[in-house]
Every structure is written in C-alpha cells, then in structure tokens.
Amino acid sequence: MRPSPSSPVWHPFTQHALEPVMKRIVKTDGAYLIDEDGRLILDAISSWWVITHRHRHPVIMDAVRTASETFDQIIFAEYTHEPAEELAKGLIRVAPPGLAHVFYSDSGSTAVEVALKMALGFFHNRGTPRARIVVMEHGYHGDTIGTMSTGERGVFNAAYEPLLFGVDTIPFPHPGREQDTLDAFELLCRGGHVAALLVEPLVLGAGGMRMYPPHLLAQLKRIAEAHETLLIADEVMTGWGRTGTLFACEQADITPDILCASKGITGGALPLAVTLCSAEIFDAHLSTDRSRTFFHSSSYTANPIACAAALANLGVWQSEPVAARIKSLESMHRKKLARFRSDPRFTNVRQTGTIAALDLNAATVGYLSDVGPKLRAFFRERNLLIRPLGNVIYLMTPYCVTSGDLDRAYAAIDEAADLIAAAKI
Ligand SMILES: *Cc1c(COP(=O)(O)O)cnc(C)c1O
C-alpha cells in the first residue's frame with residue numbers, strides 16, 4: 001500500500017497510498033523492460049511515449065558514450081558547440097519547410113512555454129501586442145503552471161486553478177461537427193487579440209488519444225493565417241513518426257509558425273526539447289535594442305550529450321528503414337484492431353499511424369474511474385506495461401515491436417474487457 005518504507009522517492013502521477021511497492025527495472029532491451037525478478041515486460045507505451053525505435057538503440061547509445069568523452073554541460077549564452085549546431089541544421093532540414101530557427105530546452109513543457117513566450121514576444125516587439133491563446137478542448141501541453149493553463153482543466157489541476165491564466169477554448173472537432181470548431185476559432189480570431197492557436201496536431205494524447213483528420217488542421221492554419229494569428233504545433237508526442245510521418249503537420253501539408261518537439265527527439269535516450277520557429281518570429285526579436293532579447297534559458301539548454309543523442313537519432317532516421325518499419329507497424333495495428341470494431345464492449349476503435357486506441361464501455365468513465373487502476377494491475381500481472389487513460393486503452397509501442405508482442409497485448413485487452421464486463425476485476 002505504500003512505497004517501500006526505505007524509499008524517499010515521490011513518483012509522478014502516483015497515489016502512493018494506493019499503489020503497490022514498485023518493482024525496480026534493472027535493464028531495458030528492445031521493446032522490453034527487465035525487472036529485478038527477471039520478468040520481461042513489454043513496454044507497450046514506450047515509457048510514456050519517449051522511446052521510438054527501441055530501448056537503447058546502439059547507435060544512439062554509442063553517440064552518448066562518445067560525446068561524454070569530450071563534453072558535459074556548456075553555457076549556451078556565450079558559447080556554442082558542434083552537437084547543437086549540427087542538430088539545429090539537421091532539424092531544419094527535416095522539419096516542415098519554412099521553420100528557420102531552433103531554440104533548445106529540456107522538456108516538452110519547457111518547449112511549449114518557450115513557444116508561448118515567442119508568440120507574445122513577437123506581437124509585443126512589433127508594437128501590436130496580443131495576449132490571448134486559443135487551445136483545443138481536451139488538449140494537454142505539460143504540467144508547469146503555464147502549460148497547465150493551456151490544457152484541459154480537471155482533477156489534475158484543480159488545486160492550482162487560482163494560479164492558472166485564462167485561455168480561449170475551441171471545441172474538439174467531433175466527426176460531423178468539425179464546422180463548429182472552425183467557426184469558434186474564426187470568431188475568436190475576429191476579435192484581433194489572439195496571439196496564437198496552440199494545438200496538438202492530429203492526436204490529442206493525454207486528453208484521451210482523441211484523433212482528428214489532417215484537413216481540419218489545414219483549415220485551422222488557413223483561418224489563423226487570415227487573421228495573422230500564429231499556429232503553435234505541439235508535436236511533443238506526435239513527432240518522430242508516431243502518427244505515421246516524421247511530424248504530424250506533414251500530413252496536413254502545413255508549416256506551423258512554431259513547432260515544439262521533445263520526447264522522441266533523442267529516441268528516448270536523454271531529455272531534450274526544441275522549439276522551432278519561422279524567420280519572422282526570430283526577426284521580431286532581432287534588434288540593437290536589448291529589451292527585445294528573447295529572455296529565456298534553462299540551465300541545461302542544449303546539453304551537448306543530449307544533442308549528440310538527438311543527432312544520432314536523426315542519423316538512424318536516414319540510415320535505417322524507419323519509415324518502412326512504421327508503415328508495417330501501422331498495418332499490423334490495422335489488422336489486429338479490426339476484430340474490435342463491431343465489438344459492443346468497445347467504442348471509438350481508432351488509429352493514427354502507430355497509435356491505436358479504443359474506449360472500454362465502462363459504467364464510470366473518466367480518468368478517475370476505477371477501471372483504469374484495475375486494468376493497470378491486470379496488465380502488470382501479464383508483464384505488459386499498458387496505462388489506460390481512464391477507460392481509454394491505447395498502445396503506443398517502440399517501433400521494433402513484433403507482431404507476436406502485439407498479439408499478446410491485444411489478447412490481454414480482450415480478456416480484460418471480459419473480466420471488467422463480468423465485474424471480475
Ligand atoms: C508529454 C507532453 C508534453 C509535456 O512534455 P514533458 O516532457 O512531460 O514536459 C507536452 N505536450 C504534449 C503534447 C505531450 O504529450
């Protein structure tokens with residue numbers, strides 16, 4: 001019922017009064033975690049969406065070893081270094097065309113905070129201040145005060161509500177009601193105060209793996225452009241192949257004004273984040289007037305070892321058939337998901353790229369429904385790391401996962417649904 005009495009560790013998103021003592025993971029390998037008892041656990045959620053190709057990709061780990069022979073942290077305001085320079089060039093090469101500058105930080109949340117500051121700084125420095133941020137219902141952008149302000153409000157942030165700033169929210173584009181989303185955005189833009197639309201392209205992750213089509217993202221971009229509102233694409237989860245393309249924005253054939261990436265940027269090896277922006281945004285901060293400086297830094301900005309890992313990851317994307325691997329994973333999910341499509345135990349069976357999700361028809365739904373913890377315990381017993389978001393069960397595995405691994409995960413989902421229906425767990 002409690003953390004091991006000898007452990008002072010306070011774990012994230014963990015109710016220590018309810019969770020069993022945590023097993024120690026002693027090693028990772030491919031799509032697996034290996035615990036202290038020698039159990040091989042399928043990491044079906046890529047250790048919270050960060051592992052892309054596989055755990056400990058040898059090329060990336062080698063790059064980390066090599067970089068650590070020459071570098072540790074180096075102040076990034078005064079000096080620059082090769083890994084950061086090369087990585088920035090590499091990112092601009094693979095990112096949607098038109099993004100011209102790279103700002104480094106160290107987590108998805110900071111990448112989004114940086115994006116918000118860039119957007120407000122842009123309008124401030126142009127002398128046409130705008131301060132409203134528009135977000136999408138069910139969005140998630142991080143757990144800092146700023147990013148919580150832009151995310152869906154709920155039990156996660158109720159205690160901090162007094163500190164959160166106000167944003168404008170457009171409805172999630174449910175099938176058949178897409179026009180409502182577009183109309184709401186257009187109406188907000190007409191006021192002339194909207195600095196930016198901040199949105200997760202194609203898949204709203206933590207908000208329940210909610211998916212919407214690329215054409216809608218393209219339409220939002222068109223409306224934003226017409227009103228000189230910036231589009232911030234939060235690709236922290238969707239980037240690095242998750243949705244079938246390197247970045248999700250590619251599928252809508254758009255270039256956002258600002259793009260945030262983190263999680264899979266190092267293939268999951270080390271923490272790193274980037275905020276890419278257009279030349280216009282950089283130029284609005286470029287001046288002999290020091291007050292126009294972009295006032296932001298993290299102590300570990302552009303950590304050279306993390307940059308080397310990310311650079312090696314870019315190399316893996318070039319030298320290995322990653323795109324083909326993703327295509328094959330996509331089609332595996334498509335085939336295996338098919339059997340749940342007309343299954344009354346589930347609704348909203350859906351997939352975007354390598355992300356597959358389905359909602360369990362449960363009596364109580366929502367994040368705090370007790371279905372979630374029951375399912376987690378059930379999967380844990382079967383050596384599967386699957387963490388449903390309330391009654392939303394999803395798989396987002398490393399790309400090296402085998403068809404047999406997925407069969408095991410889907411069989412467990414099938415069995416769990418029966419047990420929940422029969423109130424047996
Ligand atoms: C995970 C996530 C974040 C926050 O990233 P952290 O590295 O956990 O701070 C932001 N946006 C999206 C879409 C995410 O999935």
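For ligands, and for the atoms within them, numbers begin at 1 and follow the listed sequence.
Open room surrounds OH on Y79; 12 or fewer heavy atoms of other groups in view lie less than 6.0 Å from it.
Annotation: the span from L87 atom CG to L272 atom CG amounts to 6.5 Å, rounded to 0.5 Å.
Counted by atom type alone, D29 and H55 present zero donor-acceptor pairs between their side chains at under 3.5 Å.
For the pair R65 and D62, the salt-bridge criterion is met [side-chain N within less than 4.0 Å of a carboxylate O].
Judged by the 6.0 Å distance and 45° axis criteria, R382 is positioned over the aromatic ring of F378.
Separation of the H174 and F172 ring centroids falls under the 6.0 Å cut-off.
Protein residues having at least one heavy atom under 4.0 Å from any atom of ligand 1 are W49, S107, G108, S109, Y140, H141, G142, E200, D234, V236, M237, K263, listed by chain and number.
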